[in-house]
Amino acid sequence: MSYTMTVSPDFSPDHIAGWYVFNTYLQRQLNIPIHLELYNNFDEQRKAIANNEIDLIFANPYDASMLVREKNFTAVAAPENSSDEAIIAVKEGSQIAHIEDLKEGTRIVTTDDPDVNMMGMIMLEPADLNKENTSTTIVDSYPLVAKQLIQGNADIGFFLDESFDSLSKFVKEQLSILIRSQIFVIRHVMLAGPKLEDKHQDIKNVLLNMLNDEKGPGVLNSLGISSWENQEHEDTEFMIDLMDTLVG
Amino acid sequence: MSTDVIERTEKTTTINYFDGSSKQVTILDEEIPYPDGKLIVSRTDKQGIITHCNQSFVDMSGYTEEEIIGQPHSILRHPDMPRAAFKDLWDTLKRSEKWHGYVKNLRKDGSYYWVYAIAIPNIRKGEIMGYTSVRRKPSRTQINECIELYANMMQEEQ
């Protein structure tokens with residue numbers, strides 16, 4: 001039987017090759033065939049999840065809740081000392097210096113990244129802004145969010161912090177960070193599905209031992225991850241509880 | 001050269017809890033602003049005793065983590081908060097539903113901070129095992145509405 005692995009579409013483009021390297025590493029360690037399928041956006045990926053086409057996923061925390069509660073996935077590990085944080089940025093020289101300077105009718109540009117959008121909207125609440133009194137344009141990537149801001153087509157842009165930080169120096173110089181979240185408790189997790197149930201512990205062991213394996217550190221480096229740490233069932237339940245407090 | 005003088009009005013007052021108990025606390029008329037971009041997170045057991053809290057909780061409460069863990073969540077209760085708000089919170093959670101509302105919290109030194117709080121029951125295998133509360137920065141408009149609302153509720157409770 002062959003299995004399919006996928007990665008949350010918000011991963012950095014710098015790490016595409018790294019995920020293929022990781023998949024090869026995982027197949028050799030587990031001695032099972034795994035196909036890596038990367039999706040261009042969250043919508044396409046969710047359709048594949050709904051069709052039960054995915055067995056292993058490095059999931060956005062927003063989707064992790066759905067995967068655990070509705071699709072019986074189990075979290076096996078998460079990147080150590082890593083959390084998802086959002087940035088709200090404006091064009092350099094903007095009159096907007098604080099969140100509270102924003103008014104009704106604010107034009108937002110963002111991607112379809114669900115947890116970044118959730119965190120971004122939460123950070124607008126002190127200005128009494130919400131989906132009803134703002135307008136939002138969705139673009140395909142964070143460089144395009146930056147482009148729309150620089151061209152003056154939006155007042156503020158939402159970014160995943162690591163995607164903002166990986167923009168070129170030239171682009172970043174034309175932007176200014178209004179606010180950077182410091183939430184710490186929301187992060188991507190590696191989840192394994194029901195078809196891989198008898199391999200969950202093996203997958204966990206492989207991930208947690210990568211730093212001690214000869215080739216592991218190089219693979220981790222190509223993913224931009226320092227190491228994996230164990231994700232217990234209660235850790236995942238707690239993160240899902242937190243997401244429940246933040247959504248809706 | 002001029003020096004700013006911050007007037008700290010200090011008074012001692014009694015908090016009456018909705019369960020009938022009461023406590024004397026010192027309060028200061030001094031608001032500490034909610035930090036931008038942060039969430040305050042805590043968990044309690046079924047009795048409302050704090051079992052976990054994050055660094056933002058520690059920073060805003062003015063207590064050390066050691067002082068907080070094991071204390072009832074009402075340690076943050078400000079005397080300007082009506083008892084009815086907390087009764088509604090607990091009644092809602094015990095029905096396994098999500099509660100949200102604006103809360104004026106008391107710091108250890110008697111000053112205060114406003115939060116928009118969301119609390120949910122932690123349900124495991126169909127049973128409530130405890131509660132998680134996450135607070136975020138409220139808008140000044142909402143705070144001002146609540147100051148008036150809570151003052152009216154307090155008058156009705158007297």
Side-chain angles (χ1 to χ4, degrees), chain A residues 61 65 68-69 83-89 96-104 106 115-116 118-130 133-134 158-159 161 164 177-187 232-248, chain B residues 31 33-46 51-60 89 92-93 96-103 113-146:
Chain A
S65 305
V68 170
R69 291 206 170 149
S83 63
D84 288 14
E85 304 291 351
I87 281 174
I88 299 180
I96 303 160
H98 306 283
I99 288 294
E100 284 84 351
D101 294 338
L102 295 166
K103 304 289 180 214
E104 283 192 17
T106 291
D115 67 334
V116 169
M118 176 191 75
M119 290 187 275
M121 291 311 293
I122 286 174
M123 290 195 288
L124 293 184
E125 287 173 351
D128 287 314
L129 295 183
N130 52 52
N133 61 15
T134 55
F158 293 168
F159 294 86
D161 66 343
F164 184 90
I177 294 177
L178 198 57
I179 188 168
R180 184 190 285 259
S181 74
Q182 297 173 75
I183 292 176
F184 301 120
V185 286
I186 299 173
R187 59 181 182 171
E232 295 288 352
H233 183 66
E234 182 53 31
D235 298 332
T236 312
E237 289 283 356
F238 179 48
M239 193 172 83
I240 292 172
D241 282 339
L242 284 172
M243 293 300 289
D244 278 350
T245 69
L246 301 176
V247 176
Chain B
E31 180 173 359
Y34 191 105
D36 284 327
K38 294 194 178 183
L39 293 180
I40 297 173
V41 181
S42 62
R43 298 172 80 181
T44 71
D45 62 16
K46 283 202 285 190
T51 55
H52 300 83
C53 63
N54 71 351
Q55 190 57 45
S56 297
F57 187 111
V58 173
D59 294 342
M60 286 305 283
L89 160 70
T92 304
L93 290 178
S96 297
E97 294 171 10
K98 187 194 295 191
W99 182 89
H100 60 97
Y102 295 87
V103 180
Y113 59 101
W114 280 94
V115 298
Y116 173 54
I118 305 104
I120 58 162
N122 305 132
I123 298 171
R124 307 286 183 267
K125 295 177 182 168
E127 266 191 61
I128 295 178
M129 302 306 289
Y131 305 96
T132 296
S133 179
V134 176
R135 297 82 160 184
R136 47 211 219 204
K137 187 175 184 178
S139 78
R140 188 46 58 181
T141 318
Q142 298 286 354
I143 292 172
N144 290 339
E145 283 177 14
C146 286

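Protein chains get the first letters and strands the later ones, always in sequence-line order, with residue 1 at the start of each. Please read these numbers as outputs of a predicted model, since none were measured by experiment.
Neither the backbone nor the side chain of A/Glu85 comes within contact range of chain B; no heavy atoms are under 4.5 Å apart. Heavy-atom distances place no part of A/Phe184 under 4.5 Å from chain B, backbone and side chain included.
A salt bridge links A/Asp244 and A/Arg69; the closest N-O separation between the charged side-chain nitrogens and carboxylate oxygens is under 4.0 Å. Of the charged side-chain nitrogens involved, none lies within less than 4.0 Å of a carboxylate oxygen, so that B/Arg140 and A/Glu125 do not count as a salt-bridged pair. Salt bridge annotation for B/Arg124-A/Glu237: present, with a cationic side-chain nitrogen under 4.0 angstrom from a carboxylate oxygen.
By the 4.5 Å heavy-atom criterion applied to side chains, A/Phe158 and A/Ile88 are counted as neighbours.
Chain A is approached within less than 4.5 Å, heavy atom to heavy atom, by B/Gly37, B/Lys38, B/Leu39, B/Val41, B/Arg43 from residues 37-45 of chain B, ordered by number.
B/Trp114 CH2 to B/Asn144 CG: the interatomic distance, rounded to the nearest 0.5 Å, is 9.0 Å. Taking CZ of A/Arg180 as the start and CD1 of A/Ile87 as the end, the distance is 3.5 Å to the nearest 0.5 Å. Within the model, atoms CD1 of A/Ile186 and CD1 of A/Ile183 stand 5.0 Å from one another, a figure rounded to the nearest 0.5 Å.
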